[in-house]
Chemist: 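Starting off with a structure, shown below.
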Amino acid sequence: MLNKILPVAVSAVALAALSACGSGSAAAPGSSGAAAGGDAIVMGFAQVGAESGWRTANTKNVQESAKTAGIELKFSDAQQKQENQIKAIRSYIQQKVDVIAFSPVVETGWDTVLLEAKRANIPVILTDRAVDSEDKTLYKTFLGSDFVLEGKKAGEWLVENSKGESAVNVVELQGTTGAAPAIDRKEGFAEAIKAAPQIKVIASQTGDFTRSGGKQVMEAFLKSNPDIDVVYAHNDDMGLGAIEAIEAAGKVPGKDIKIITVDAVHDGMQALADGKISYIVECSPLLGDQLMDLAKKVVAGESVPERVVTEETTFTQEQAKTALPQRKY
Ligand code: GYE
């Protein structure tokens, strides 16, 4: 039976997701939580990957929350590839899980597989990232941040801190092309800096939300643009990569070039407290408890809000020093 649904080349990831067969079965590799009890809710979770500190914290939090909630979690890591996520979702449908949760790597291209889940009567919860499907009945709810607002907050800080400057040249390190947080953080930032015409985005490219991507793109930016004042990175990891590139070019991050990022994961907050990053907009990865509550409700057939927005703050260097000891991720 497995042969029929296995495509020719199947990743270890998809295999892990395929290796358990159905509710109430013994926990398979990639499963955790309430394994034995026959009536525990089974959730199939299709994660984006392990591209950033944010993602690692999110995965850990989802796994812990599932355990606490007594939900059996089948987990797969798509290594930032949409095709892997689609395979994982299909395998969860095949296994007849009670609910599917996933964080879509990109916004487009989900309608077919989401329709398959709907036809199999398996509710889907979007967590962290959105899809751009017109048909809102393909999923029950979307739990996650307001990414446009995050970009706006980043831009507003820059406007506030560029008063009196005649020209401010910004380079932008974008997240994964086509991902909701990359699209929306770009949009929110652009909207906010309209208030200050001296601020110009002189270059903008994807660093795929990774530290190495941020470093590489920043190296190229530094080579072709002698006058960079500010880096706006769509996440901490790319900002941390940019720090490496700036230092290697003999410049001082935080002084010669200011860096603004989004996330507020531990390494980012440390760099902020150390004066290398100038401002961070928080994006919380701690979605697990809310996700499990929503899952219980949708499985019980209760209604849930269409959209659940995460509450978030921002950090200056001084605020980071105070907040760091209490941060959970
Ligand atoms: O900001 C970034 C991660 O989707 C909000 O994905 C998430 C983003 C997060 O790779 O670090």
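For this chain, numbers begin at 1 and follow the sequence in order. The model shown is predicted, which means the values in this text are computed figures rather than measured ones.
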Chemist: Any chance you could lay out the ring pair (Phe, Tyr, Trp, His ring centres under 6.0 Å) test for Tyr139 and Trp110, step after step, and finish with the verdict?
Modeler: CA-CA 11 Å; Tyr139 53 91; Trp110 298 102; over 10 Å; no
Chemist: Could you go through the side chain to side chain donor-acceptor pair (under 3.5 Å) check for His234 and Glu150 one step at a time?
Modeler: CA-CA 9 Å; His234 290 186; Glu150 290 171 350; over 6 Å; no
Chemist: Sub-3.5 Å donor-acceptor pair from the side chain of Thr210 to the main-chain atoms of Gly213, do we have one?
Modeler: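 Yes: the side chain of Thr210 pairs with the backbone of Gly213.
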Chemist: Do Ser145 and Glu312 meet the criterion of a side-chain donor-acceptor pair at a distance under 3.5 Å?
Modeler: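 Distance-only check passes for Ser145 and Glu312.
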Chemist: Counting N and O atoms only, with roles assigned by atom type, does the side chain of Asp236 sit under 3.5 Å from a partner on the main chain of Val265, one being a donor and the other an acceptor?
Modeler: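 Here the side-chain-to-backbone pair exists.
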Chemist: Under 3.5 Å, is there a donor-acceptor pair between the side chain of Ser284 and the main chain of Leu286?
Modeler: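 Yes: the side chain of Ser284 pairs with the backbone of Leu286.
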Chemist: Given 3.5 Å as the limit, does a donor-acceptor pair link the side chain of Thr206 with the main chain of Asp208, or not?
Modeler: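 Confirmed, Thr206 side chain pairs with Asp208 backbone.
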Chemist: Has Arg327 got its NZ or CZ under 6.0 Å from the middle of the six-membered ring of Tyr329, at an angle within 45 degrees of the ring axis?
Modeler: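 Geometry flag: set, cation within 6.0 Å and 45°.
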Chemist: Give a yes or no on whether a salt bridge exists between Glu116 and Arg90, defined as a side-chain N under 4.0 angstrom from a carboxylate O.
Modeler: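 The answer is yes: the pair qualifies as a salt bridge.
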Chemist: Report yes or no: does Ser162 contribute a side-chain atom to a donor-acceptor pair with the main-chain N or O of Glu165 at less than 3.5 Å?
Modeler: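 No: the side chain of Ser162 does not pair with the backbone of Glu165.
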Chemist: Would you find a donor on one side and an acceptor on the other, under 3.5 Å apart, between the side chain of Asn225 and the backbone of Asp227?
Modeler: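 No, the answer is negative, given that no donor and acceptor are paired below the 3.5 Å cut-off.
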Chemist: Anything under 30° is parallel, anything over 60° is perpendicular, the rest tilted; go ahead and classify Tyr279 against Trp157.
Modeler: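 Aromatic pair Tyr279/Trp157 classed parallel.
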